[in-house]
Amino acid sequence: MKRLLSIICVILVLTIGFSFSVLAEPTDSFTHDDSADGKVKGVLSSEIYSSSKVVTAARLGLSESMLGLTDVCTDKDGKVYLLASERSKVIILNSDYTLDKEIVIKDKDGIEMMFEEAKGIFVDDNKDIYVCDTGNGMILVTDRSGKLKSTWEQPESSLLPEDFFFQPSRMVRDDKGYTYILSLGCYYGALAYSPDDEFIGFYGANNVKATALDTLAFLWDKLTQTDEKKALSVKTLPYSFVDLCLDSKGYMITCTGVTESDTNGTGQIRKLSPGGEDILYKRDTKGISSTSSAVNFVEEKVTKRFGVMKPQNIISVEVDDKGFIYALDSTHGLIYVYDNECNLLAGFAGCFSDAKQLGVFDNPTSLAVHGSDLLVIDRDNCALTVFERTKYGELLMNAQLKHIKGEYDEASPLWEEIIKMNSGCQLAYRGLAIANYTNGNYEKALDYAEKGLDYKTYDLAWKVIFSKRVNDNFFWIFSIAVILIIALVVFLIYKKKKNIILIKNAKLKLALSVSSHPFRSFEDIRYKNMGSLIIAFVFLLLYYVANMLNSTAAGFLFLNSDPRTYNTFYTILSTIGLVLLWSVANWLIACLSNGKGRFKDVFIVSCYSTLPLTLFKFVRVILSQFLSLSGQAVVDAVGVAVLLFTLFILCIGIMQVHEFDFFKFLGTTIVTILFMLLMVSVFLLVGVLLEQVIEFIFKLYKEAIFR
């Protein structure tokens, strides 16, 4: 009967599967906050930019619409240049967004040139206008009157691959006269030209990201390569740049487009050194730096657009004279503002709204910085949207700029003003934390660092405070420690002489000796029935309490979750639920493999095995109140060792109660883990079905009441 029940349960789980999807909606104005579990979450924030006006052909007094708007740029005098490719025109606006002139480009014979598929426009310091005529494979160079001065076509160079096709889409020119051009679909990087307009090679290509499995597959293919396999092989190429700009120091900032994918990826924005290396860095909450290639500049989760999961796509990037980076996402029409350390100041705007409203786009294609304003092209609406920086935005950007420069005292009053306007700003709390630390206000630094989740500054301040407390109370600490040691030694000697037995209950004594004598203890549980369900439940409850305290009562530097949003249900599932699930699954699988253990034995062994891990968790909570980040690394290493020891004890216990050898134990354990995953699948599926049934019944009930 027992074997039949096991077979039925296994078959039931194997015949059922499940699937789910996650949908998250962007907000109008938000930022990214770091959380204690290492994840990034989007939270509402005050606006740093607000949409002020929309520039259309009617507003400018043009006789034709600005059909095919694809790009926008500005010059050093504040003029704004709009590329209306389908009209083959360039529209120049004054600094107040009124019409200056509308020009067409004519060749030397006075014939109007057409560039219906042009994608980019650039104006240099000499007011020469460069139009990237992508469809015709050339760049048109004209003056402000529309007279064609020259054309740039595909260069003749041995540095170009034989199959290269010149389709210029974006370009920039630095103060030294070097020109960089992006060609549509080119994954070699930007085409670089000397000040004499001679092609000198490619610059700053992306790298293909390879995993360990990719490396093994590459080595295997090399060892087993044949002509047939080589002909059928698919080469992985890096993503190409889709836009570029230059900061005030001449460094190039690029953004990378995406292809079909199911993730938002990382490294969408990079800053390139003269050697083409990524020099844009981000520091995490513990002060560890990594390049932007490992940073996700958009949202963590892929969301749906028109019912289809579609990743975000950064298609345009710009930088202002203070180093702040602006990026445009075409999937949801979101604008992101970052500082030069990859901290998100805000995300805002949006697209695909049913109602036409200011600050919402239909098809955003390009952005540009115009003083303190931000300009965004909306191709489908044939319009230019202007965003003005708010008072909060001015405060936030000025404060963060001073913070990055190390001017903490000057930034401090700005941060305090920002907190009055937005009490949830993590950047403000971090700025105040480091400012108070440098001024010697260590207690305030601790408070602000905890609010801003700044582990590095908290660690620095805590080291100073803890050292001072130890020095001030060293006499009492030393005296108490000596007294406790002497008392313990005296007690142990007295206990040995008088032969005092502290634990008289044989079953409890056996349970506590599992860690030191696992083979003998589990053998007594199996053959002498020395296991106790009551003790097992107590151990399991203590295991839950220890994990709960680690999530809520540990020191700030040791917390891996936010106590304010802590949900004990997940801790119950990961402790009590996991032990029960393991016990049921292992017992059922062991029944099919002639295992001798009863369900009671498996459950008792599993609960007893948690004792070392439980004790470590309690000790960790205590130590976390005193140790620094360096001490955390040691404690975590010990935790890994304790976990492995716990698993070792569990393995011995399962082999003992079922009378398995090692290889049979290993095989049944693998099947048990797979079976546990399938059981979880069943529970989730049943939960989803019950939710749908309840929702259906509730709708029927509401319908019946209304009728």
Side-chain angles (χ1 to χ4, degrees), residues 70-71 73 83 118-125 128-135 137-141 151-209 237-259 267-280 291-293 297 313-319 325-328 365-368:
T70 54
D71 199 15
C73 71
L83 176 62
K119 293 186 178 297
I121 187 171
F122 175 76
V123 180
D124 64 15
D125 292 341
D128 286 337
I129 303 171
Y130 297 76
V131 175
C132 297
D133 189 357
T134 311
M138 66 175 67
I139 293 178
L140 309 177
V141 185
T151 60
W152 292 21
E153 299 183 3
Q154 179 167 326
E156 295 182 0
S157 173
S158 59
L159 299 175
L160 291 175
E162 294 182 0
D163 59 348
F164 184 80
F165 185 41
F166 188 57
Q167 300 179 88
S169 58
R170 293 286 194 272
M171 69 164 288
V172 291
R173 195 163 196 165
D174 64 18
D175 295 337
K176 298 178 181 179
Y178 287 91
T179 304
Y180 303 93
I181 300 172
L182 295 183
S183 181
L184 197 65
C186 174
Y187 49 83
Y188 302 106
L191 285 80
Y193 289 76
S194 70
D196 298 327
D197 298 338
E198 294 183 1
F199 175 68
I200 55 177
F202 292 99
Y203 174 76
N206 279 324
N207 297 320
V208 177
K209 297 178 181 179
L237 299 175
Y239 293 141
S240 58
F241 297 143
V242 294
D243 197 12
L244 75 171
C245 60
L246 298 174
D247 67 9
S248 58
K249 296 181 180 180
Y251 292 110
M252 180 185 294
I253 297 174
T254 66
C255 66
T256 301
V258 298
T259 58
Q268 297 93 339
I269 300 174
R270 299 171 64 199
K271 179 189 285 189
L272 305 181
S273 68
E277 297 296 324
D278 185 11
I279 57 172
L280 185 60
T291 64
S292 65
S293 301
F297 285 86
N313 185 14
I314 300 295
I315 60 168
S316 185
V317 66
E318 189 58 87
V319 61
I325 300 171
Y326 306 79
L328 176 64
T365 58
S366 179
L367 61 75

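When a residue number appears, it is its place in the shown sequence, counting from 1. When reading the values below, keep in mind they use all heavy atoms of this one structure, side chains included, and skip hydrogens, waters and symmetry mates.
The side chain to side chain contact (heavy atoms under 4.5 Å, CB included) with S292 is formed by just one residue from the set I279, D278, I269; it is D278. Just one residue in the list Y178, W152, Y130 forms a ring pair (Phe, Tyr, Trp, His ring centres under 6.0 Å) with Y193, and that residue is W152.
Listed by chain and number, the residues in a ring-ring contact (aromatic ring centres under 6.0 Å, His included) with Y251 amount to none (sequence neighbours excluded). Under the side chain to side chain donor-acceptor pair (under 3.5 Å) criterion, D174 pairs with no residue at all, not counting sequence neighbours. Taking D247 as the reference, nothing meets the side chain to side chain donor-acceptor pair (under 3.5 Å) condition, with sequence neighbours excluded. S248 pairs by the side-chain contact (heavy atoms from CB on, under 4.5 Å) definition with nothing, not counting sequence neighbours. By the side chain to side chain donor-acceptor pair (under 3.5 Å) test, T134 is found to be paired with no residue, residues two or more places apart in sequence or in another chain being considered. Every residue was checked against the ring-ring contact (aromatic ring centres under 6.0 Å, His included) condition with F122, not counting sequence neighbours, and none meets it. With sequence neighbours excluded, the residues that form a side-chain contact (heavy atoms from CB on, under 4.5 Å) with C245 are I253, V317, E318, V319. Listed by chain and number, the residues in a ring-ring contact (aromatic ring centres under 6.0 Å, His included) with F166 amount to none (sequence neighbours excluded). By the side-chain contact (heavy atoms from CB on, under 4.5 Å) test, D196 is found to be paired with S194, E198, residues two or more places apart in sequence or in another chain being considered. In this structure, the salt bridge (charged side-chain N to carboxylate O under 4.0 Å, His left out) partners of D243, at least two apart in sequence or on a different chain, are R170. Every residue two or more places apart in sequence or in another chain that forms a ring-ring contact (aromatic ring centres under 6.0 Å, His included) with Y180 is listed here: Y203.
Among residue pairs with one or both ends in residues 154-167, none qualify as side-chain hydrogen bond (donor to acceptor under 3.5 Å, both in side chains); sequence neighbours excluded.
Scanning all heavy atoms of the two residues, the minimum distance from D197 to R173 falls at OD1-NH2, 2.8 Å. Shown here for P195 and K176, the closest heavy-atom pair between the two residues is CG-O, 3.3 Å. Of all heavy-atom pairs between S316 and T365, the closest is CB-O, 4.2 Å. Of all heavy-atom pairs between L328 and L367, the closest is CB-CD2, 3.4 Å. Scanning both residues, I181 and P168, for their nearest heavy atoms gives CG2-CB, 3.9 Å. Taking every heavy atom of both residues into account, T70 and A118 meet most closely at OG1-O, 3.3 Å.
Between F164 and Y188, the ring planes are tilted. Angles from 30° to 60° get that label.
Atom CG of residue D124 and atom OG1 of residue T179 lie 8.5 Å apart, to the nearest 0.5 angstrom. Between atom CD1 of residue I129 and atom SG of residue C73 there is a gap of 8.0 Å, rounded to the nearest 0.5 Å. Here L246 contributes atom CG and K271 contributes atom NZ; the two are 11.5 Å apart, rounded to the nearest 0.5 Å. One distance of note links SG of C255 with CZ of F297; it measures 11.0 Å at 0.5 Å rounding. Remark: T256 OG1 to N313 CG distance equals 10.0 Å, nearest 0.5 Å.
Remark: side-chain polar atoms of Q268 are not paired, donor with acceptor, to backbone N or O of I314 under 3.5 angstrom. Between the side chain of D71 and the backbone N or O of L83 there is no donor-acceptor pair closer than 3.5 Å.
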Take L280 and I325 through the test side chain to side chain contact (heavy atoms under 4.5 Å, CB included) and record every step on the way to the result. CA-CA 11 Å; L280 185 60; I325 300 171; 4.3 Å; yes

